Amino acid sequence: MAVSSNRVPLSGLARKLVADGLLDEASAHDAFQEAVSSKLPFVKYLVDNNISTAKVIAQAASQEFGVPILDIESMELDNEVLKLVSTDMIQKHHALPLFRRGNRVYIGVSDPTNLQALDEIKFHIGANTEAVVIEEDKLAKAIDRAMEAADGGLGDMEDSDFENLDDLELGADEQEQQDDSEVDDAPVVRFVNKVLLDAIKKGASDLHFEPYEKSYRVRFRIDGVLEEIAKPPLALSSKIAARIKVMSRLDVSERRVPQDGRIKLKLSKTKAIDFRVSTCPTMYGEKTVMRILDSDAAKLQIDQLGYEDFQKEAFLQNLHKPYGMFLVTGPTGSGKTVSLYTGINILNQVDINISTAEDPVEINLPGVNQVQVDERTGMTFPKALKAFLRQDPDIILVGEIRDLETASIGVKAAQTGHMVMSTLHTNDGPQTLTRLQDMGIQPFAVATTINLITGQRLARRLHPDYKVPLEIPPEALLDEGFSQEEVDAGIKLFAPGDGGVDCPSGYKGRCGIYQVMPISDAMKRLIIEGANAVQLADQAASEGIWDIRTSGLAKAKASITSLAEINRVTVE
């Protein structure tokens with residue numbers, strides 16, 4: 001591939017990666033330019049976007065520049081050395097002071113050609129510096145740990161803080177006569193803090209605090225599956241609920257009705273996590289559920305969501321249409337919000353006016369006008385939509401189409417030159433088309449306004465180090481939905497293996513499974529003629545559109561996930 005003559009010649013680590021055949025020259029130039037425009041270190045950009053692996057880059061850098069590689073996970077960070085360099089400088093240069101030998105401080109970097117970082121740190125601390133190569137992913141984690149330690153926040157907590165927790169038993173009379181001061185009980189505060197920190201470290205999406213008649217348990221939803229994490233003493237159930245209410249600014253004295261709140265937990269000077277809190281009275285106390293709102297998920301690139309190439313092309317083509325409806329469907333927890341936010345981030349430019357109505361607003365998006373829907377104050381989805389249409393919008397995002405009024409206003413907005421994006425709780429594209437008609441939208445309006453429907457699920461991703469081959473008879477593969485041609489060509493499937501303490505389930509992370517269905521002219525005619533969901537699904541299949549099951553089988557065939565996981569999240 002020819003390289004544009006106006007490009008700056010590659011140097012340093014980029015040149016080494018190209019010379020070793022680890023990166024082609026055009027990709028290296030593009031990655032370098034994107035890293036500069038994104039204000040990210042070159043190596044971090046390569047790793048975050050899966051262009052190359054941290055290990056390969058570290059080995060290439062070490063060989064080229066004669067700099068040793070250090071496994072930072074096998075060493076303890078020296079707090080005294082960390083204090084030599086400000087947290088702002090550590091983050092600015094993505095460089096971490098490791099240890100000191102005499103008048104020389106060794107600095108962990110993923111790119112040893114970053115001489116500016118070494119020189120600035122040298123000037124700042126008044127000592128000579130020497131680079132040590134650290135794999136980018138491990139360096140990023142170590143910097144996060146350093147930031148937590150510097151902040152002195154939750155990162156300082158140890159399991160030993162909770163050794164005497166089981167001793168906190170309360171009598172029945174005392175439990176009935178609790179007052180708000182009890183939420184300041186230090187062990188309860190430490191316990192709640194530790195649970196929140198553990199949830200973040202484990203990558204949980206939700207936390208469940210559940211009181212029963214004779215027990216109390218805490219569960220995390222990790223990669224879409226609930227796991228029991230702790231069983232605190234039952235006597236602490238009301239204290240834990242009260243502590244969470246205090247943190248989320250809810251009414252501690254009100255235990256008879258559900259309440260909703262929010263917590264912003266500061267982990268370090270630069271990192272904070274938001275939690276959405278919901279309490280609900282049950283027979284034996286208040287159940288509390290907390291959803292971790294991951295702002296990083298809203299910054300995902302389209303390539304990270306897991307669309308097949310032809311699905312991504314259809315997604316982007318319809319996303320950039322000037323008007324119409326763009327719908328994302330699926331059950332709760334299927335990643336609909338992330339898909340919508342990814343689309344909004346692509347469209348979010350200075351010359352476009354974007355307004356959203358959400359319940360609740362989960363993640364703040366700079367440059368987007370976000371409205372919190374609140375039934376109690378009268379700010380409903382329809383009222384927000386009517387207000388948007390008087391404020392010269394280009395793109396309107398509705399968190400969810402729940403009723404006829406919201407759907408009708410959205411359709412009218414799409415018919416009058418606006419792009420409307422929203423979600424519905426339906427299983428797939430064809431069912432969405434019939435669901436809108438069941439709600440009362442005329443078939444002609446459905447056919448002429450909807451540009452594309454994306455149905456989706458999230459499946460757990462096999463851990464690459466622990467997956468094991470799975471032998472399945474050809475007849476069983478055919479029964480699962482694979483074609484005869486695929487079976488004849490040979491299909492190699494994998495199952496999760498036992499990863500021990502490191503990965504007990506054999507799964508790590510999740511992948512998206514999609515049905516991306518543009519509304520063709522033939523499908524529009526069927527909608528107007530009153531076709532049902534089965535007929536619409538047959539038409540989609542004849543146009544080469546994968547349903548969610550087919551997309552899932554492709555993920556299993558590619559060894560991204562297991563067949564058992566596809567069976568769990570899709571309908572055969």
Side-chain angles (χ1 to χ4, degrees), residues 153-154 157 161-162 165-166 168-202 204-221 226 228-267 272-295 332 358-364 372-377 379:
L154 296 179
M157 294 191 301
D161 292 337
F162 311 100
L165 192 58
D166 291 336
L168 297 175
E169 298 290 345
L170 299 177
D173 292 338
E174 292 173 318
Q175 191 169 350
E176 291 294 324
Q177 299 175 358
Q178 293 178 60
D179 58 37
D180 295 350
S181 65
E182 288 182 326
V183 301
D184 293 326
D185 197 323
V188 173
V189 171
R190 291 200 305 272
F191 174 76
V192 171
N193 286 349
K194 186 174 189 301
V195 169
L196 300 187
L197 181 64
D198 285 346
I200 295 168
K201 288 181 176 179
K202 291 177 181 291
S205 61
D206 301 86
L207 299 77
H208 293 241
F209 298 82
E210 302 168 313
Y212 298 98
E213 182 179 10
K214 297 181 179 179
S215 64
Y216 184 73
R217 70 178 178 183
V218 179
R219 293 191 292 173
F220 292 171
R221 188 176 295 279
L226 282 170
E228 185 175 293
I229 300 300
K231 297 190 73 172
L234 178 60
L236 291 182
S237 64
S238 56
K239 285 190 173 186
I240 292 172
R243 172 59 186 165
I244 295 172
K245 282 183 175 181
V246 168
M247 295 174 72
S248 48
R249 299 182 180 180
L250 299 178
D251 185 352
V252 178
S253 63
E254 180 56 78
R255 302 171 185 171
R256 299 164 296 175
V257 297
Q259 297 186 65
D260 295 304
R262 196 176 180 115
I263 297 172
K264 191 175 188 70
L265 191 65
K266 187 176 180 182
L267 299 182
I273 298 289
D274 287 336
F275 294 82
R276 190 178 79 206
V277 180
S278 172
T279 68
C280 182
T282 67
M283 288 185 64
Y284 302 106
E286 287 181 287
K287 173 174 179 175
T288 304
V289 176
M290 306 175 72
R291 164 68 58 88
I292 298 179
L293 306 178
D294 184 4
S295 60
T332 300
E358 304 169 71
D359 181 20
V361 175
E362 294 191 358
I363 299 170
N364 295 327
Q372 172 74 54
V373 169
D374 190 342
E375 301 284 345
R376 293 171 298 181
T377 63
M379 178 52 78

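Because the structure is predicted, anything quoted here is derived from the model rather than measured.
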ask   = Are Ser278 and Asp260 close enough, and set up right, to give a side-chain contact (heavy atoms from CB on, under 4.5 Å), and what steps lead you there?
value = CA-CA 5 Å; Ser278 172; Asp260 295 304; 3.5 Å; yes

inquiry  = Go through it in stages, so that I can follow the logic: the residues are Lys245 and Glu254, the test is salt bridge (Lys or Arg N to Asp or Glu O under 4.0 Å), and I'd like the CA-CA distance, side-chain angles, deciding distance and then a yes or no.
reply    = CA-CA 10 Å; Lys245 282 183 175 181; Glu254 180 56 78; over 6 Å; no

task = Applying side chain to side chain contact (heavy atoms under 4.5 Å, CB included) between Ile263 and each of Val277, Ile273, Val246, report the one that passes.
result = Val277

key: Gln259 (side chain) donor-acceptor with Cys280 (main chain) under 3.5 angstrom   = no

request  = Give the C-alpha distance, both sets of side-chain angles, the deciding distance and a yes or no for salt bridge (Lys or Arg N to Asp or Glu O under 4.0 Å) between Glu210 and Lys287.
outcome  = CA-CA 5 Å; Glu210 302 168 313; Lys287 173 174 179 175; 3.0 Å; yes

ask   = Can you check whether Lys194 reaches Val192 side chain to side chain, under 4.5 Å on heavy atoms?
value = no

query = Would you say Leu197 and Lys201 make side-chain contact, with heavy atoms under 4.5 Å?
reply = yes

message = Are Asp206 and Phe220 packed together at the side-chain level, in the sense that at least one heavy-atom pair is separated by less than 4.5 angstrom?
response = no

task = Could you tell me whether the side chain of Ser215 and the main chain of Tyr212 form a donor-acceptor pair under 3.5 Å?
result = no

request  = Could you check if a side-chain atom of Pro281 sits within less than 4.5 angstrom of a side-chain atom of Pro258, using non-hydrogen atoms only?
outcome  = yes

inquiry  = Counting C-beta onward and ignoring hydrogens, is there a side-chain heavy-atom pair between Leu293 and Phe275 closer than 4.5 Å?
reply    = no

query = If we only count heavy atoms from C-beta on, is the Arg221 to Arg219 side-chain gap below 4.5 Å?
reply = no

Lys264: salt bridge (Lys or Arg N to Asp or Glu O under 4.0 Å) partners, not counting sequence neighbours = Asp274

key: Distance-minimising heavy-atom pair for Leu207 and Val195   = CD2-CG1, 3.8 Å

key: Close side-chain approach of Phe191 to Pro232, heavy-atom, < 4.5 Å   = yes

task = Please check if the side chain of Gln372 supplies one atom and the backbone of Val361 the other of a donor-acceptor pair under 3.5 Å.
result = yes

task = For the residue pair Val373 and Glu358, establish whether any side-chain heavy-atom pair is separated by less than 4.5 Å.
result = no

